[in-house]
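What follows is a single structure, written as structure tokens, with notes after it.
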Amino acid sequence: MTAVEPLIGIPGPAGDTYLGNLHAFSSDPLGFLTSCAREYGDVVRLGDHNVLLTGPELVERMLVDRGGDFNKKGVEDSGRAARGRGFPTAMMNSDGAEWKMKRRRMQPAFGRTLAVKAAELVDAQGERMLASWKLGEQRDLHGDVSVLVLRLVTQLMFGDEFTDRDAALVSRLVRPIMELSTSPLLLPDWVPTPRHIRLKRGLRDMDRLLRRLTSDPAAVDAERAPVLHALVTGTPTPSPQELRDELATLVLSAFETSNDAVVWTSVLLARHPDIAERVRDEARAAFSAAPPGLSRMERLPYTGAVVRESLRLYSPAWMTSRDSTADLRFGGFTVPAGTTVTVSQWVNHRDPRHWDRAEEFDPGRWLDDSARKMPRGSYFPFGLGARACIGASLATTEIVHIVADVWRRHRLELVDPRGITPRPALALQPMGVKVVPRAW
Ligand code: HEM
């Protein structure tokens with residue numbers, strides 16, 4: 001690769017002589033990115049080959065108009081240690097023609113059948129979680145919702161044959177990956193730490209499980225296992241490793257993000273009792289009028305607005321980066337090929353230059369046209385352009401249903417409202433959310 005020209009004339013924090021802005025970023029990523037945007041504007045130089053874009057039009061230009069001039073693979077590879085080992089053949093970690101082929105192969109799975117299935121499954125899984133709760137008893141909300149979401153997501157990705165035992169097995173793979181993503185000390189994969197050993201075992205179990213589920217591809221049913229079916233019948237036929245990598249990245253992308261979104265929405269509702277009451281009333285009416293499924297979803301417009309607003313303030317995806325493959329102009333500056341360009345939902349969703357009462361939780365802003373008329377780069381919880389989230393409508397269906405189901409039955413009281421903090425890991429995790437379910 002040819003040497004990359006340094007970023008000439010772009011303003012940004014000077015940082016430390018040797019480490020640049022590494023320390024400032026890693027000790028408080030959200031605070032650091034926010035202060036960069038407030039101090040330096042729409043294009044910020046973060047290092048010799050790193051730029052942050054904060055102007056909404058520039059974000060749109062990068063992710064949509066010039067999306068083809070950026071690669072994800074290099075950035076994904078450098079984060080591989082954080083994911084424990086990476087899943088190199090997955091669509092998510094591919095670029096160019098290979099990505100296009102894999103996205104086309106997977107896309108049919110993410111149609112209406114999957115969303116209907118999700119809406120129906122949430123009922124059964126929600127019932128199980130709520131049956132284990134006692135009024136007045138303290139619960140770890142993130143832990144409880146994680147069990148619900150993992151069962152839901154694995155059943156959706158692998159099909160109805162998937163048992164609770166299988167879900168426990170997948171969680172043995174997912175958990176060490178999540179732990180590694182928040183670990184301050186990342187050792188190479190070959191160092192036999194207990195986490196690395198657990199991870200290797202998890203991968204082995206997952207391969208065995210997939211061999212069982214796909215031993216006869218012709219028997220994989222399109223209705224009962226739409227995602228697995230789309231993959232095993234797709235062209236070209238995926239190799240066993242591709243199948244494993246695709247399913248593992250799907251579970252990982254779906255699991256923590258959805259879990260965090262449900263918990264953040266509940267935190268916001270617990271802090272805003274008037275809004276919570278409106279959700280309760282709408283949910284009670286919707287659940288009594290319509291059976292589980294998408295027709296119920298249509299009866300939950302206010303809960304939908306609550307979730308949209310929660311995804312604005314606490315977007316589980318809080319930043320994303322790409323490597324540019326061409327010299328490009330952004331906001332009057334030249335960004336040369338080979339630069340890592342970052343955009344941040346955390347920064348743009350709360351930018352007071354573009355949002356009225358940016359820090360305020362106001363679902364009402366989604367009920368009229370004002371928020372929808374904002375430039376697309378002001379609000380992108382599911383990304384933008386060709387590489388936007390393939391599971392966006394599935395995720396929204398799940399989150400709205402779970403929130404409606406929980407809040408129609410109980411009011412959740414926060415045990416320590418001031419002790420809740422966002423932890424920017426692979427997703428923006430809510431830390432310290434203990435709740436007590438109360439009768440309405
Ligand atoms: C609240 C839940 C979710 C959020 C906030 C979220 C967010 C995102 C974002 C921001 C991207 C684009 C990343 C980028 O531009 O670099 C993305 C991509 C992706 N998401 Fe999601 N996601 C969620 C749920 C899901 C679900 C449920 C699935 C699948 C079952 C999923 C699968 C994927 C995949 C496969 C990609 C990569 C797309 C590609 O590279 O073409 N996500 N997601």
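Counting convention: from 1, in listed order, for ligands and their atoms alike. Keep in mind that this is a model prediction, so the values were computed, not measured.
Close contacts of ligand 1 with Lys72, meaning ligand atoms under 4.0 Å from a residue heavy atom, involve 13 (C), 14 (C), 16 (O). For ligand 1, the atoms sitting less than 4.0 Å from at least one non-hydrogen atom of Arg322 are 14 (C), 15 (O), 16 (O), numbered in the order shown with element in parentheses. Close approach to Ala317 involves these atoms of ligand 1, each under 4.0 Å from a residue heavy atom: 10 (C). For ligand 1, the atoms closer than 4.0 angstrom to any heavy atom of Pro381 are 5 (C), 7 (C), 10 (C). Within ligand 1, the atoms closer than 4.0 Å to a non-hydrogen atom of Ile399 are 1 (C), numbered from 1 in the order shown. Taking every non-hydrogen atom of Ala395 and a distance limit under 4.0 Å, the qualifying atoms of ligand 1 come out as 2 (C), 24 (C). Each of the following atoms of ligand 1 lies closer than 4.0 Å to a heavy atom of Leu250: 29 (C), 35 (C).
Residue Ser258 has no nitrogen or oxygen atom sitting less than 3.5 Å from a nitrogen or oxygen atom of ligand 1, judged on distance alone. For the pair Thr257 and ligand 1, the shortest N or O to N or O distance does not fall below 3.5 Å. The distance criterion of under 3.5 Å between nitrogen or oxygen atoms is met by Thr320 with respect to ligand 1. In terms of polar-atom proximity, defined here as any N/O pair under 3.5 Å, Glu398 makes no such contact with ligand 1.
Within the structure, the side chain to side chain donor-acceptor pair (under 3.5 Å) test picks out the following pairs touching residues 55-64 (sequence neighbours left out): Glu60-Arg376. Sorted by first and then second residue, the pairs that involve residues 213-266 and meet ring-ring contact (aromatic ring centres under 6.0 Å, His included), not counting sequence neighbours, are Trp264-Tyr314.
Not close to ligand 1: Thr396, with no non-hydrogen atom less than 4.0 angstrom away. In this structure, Trp99 has a heavy atom closer than 4.0 Å to ligand 1.
Remark: Arg296 qualifies as a cation-pi partner of Phe287 under the 6.0 Å distance and 45° angle criteria applied to the six-membered ring.
At a 4.0 Å heavy-atom cut-off, ligand 1 touches Ala254 through backbone and side chain alike. By the criterion of a heavy-atom distance under 4.0 Å, the side chain of Arg103, and not its backbone, is placed next to ligand 1.
Contact check on Glu309 versus Arg312 returns a salt bridge, with a Lys/Arg side-chain nitrogen under 4.0 Å from an Asp/Glu carboxylate oxygen. Ion pairing between Asp405 and Arg409 holds under the 4.0 Å rule for side-chain N and carboxylate O.
Side chains of Thr325 and Asn71: no donor on one and acceptor on the other come within 3.5 Å.
In this structure, Pro29 and Trp318 have side chains that are in contact, with non-hydrogen atoms separated by less than 4.5 Å.
Here the side chain of Ser310 pairs no donor or acceptor atom with the backbone of Val306 at under 3.5 angstrom.
In this structure, CG in Leu141 is found 6.5 Å from CG in Leu412, a value given to the nearest 0.5 Å. Thr265 contributes atom OG1, which lies 10.0 Å from atom CG of Asp260 (distance to the nearest 0.5 angstrom).
Looking at Arg387, Met92, Met157 and measuring to atom 12 (C) of ligand 1, the nearest heavy atom belongs to Arg387.
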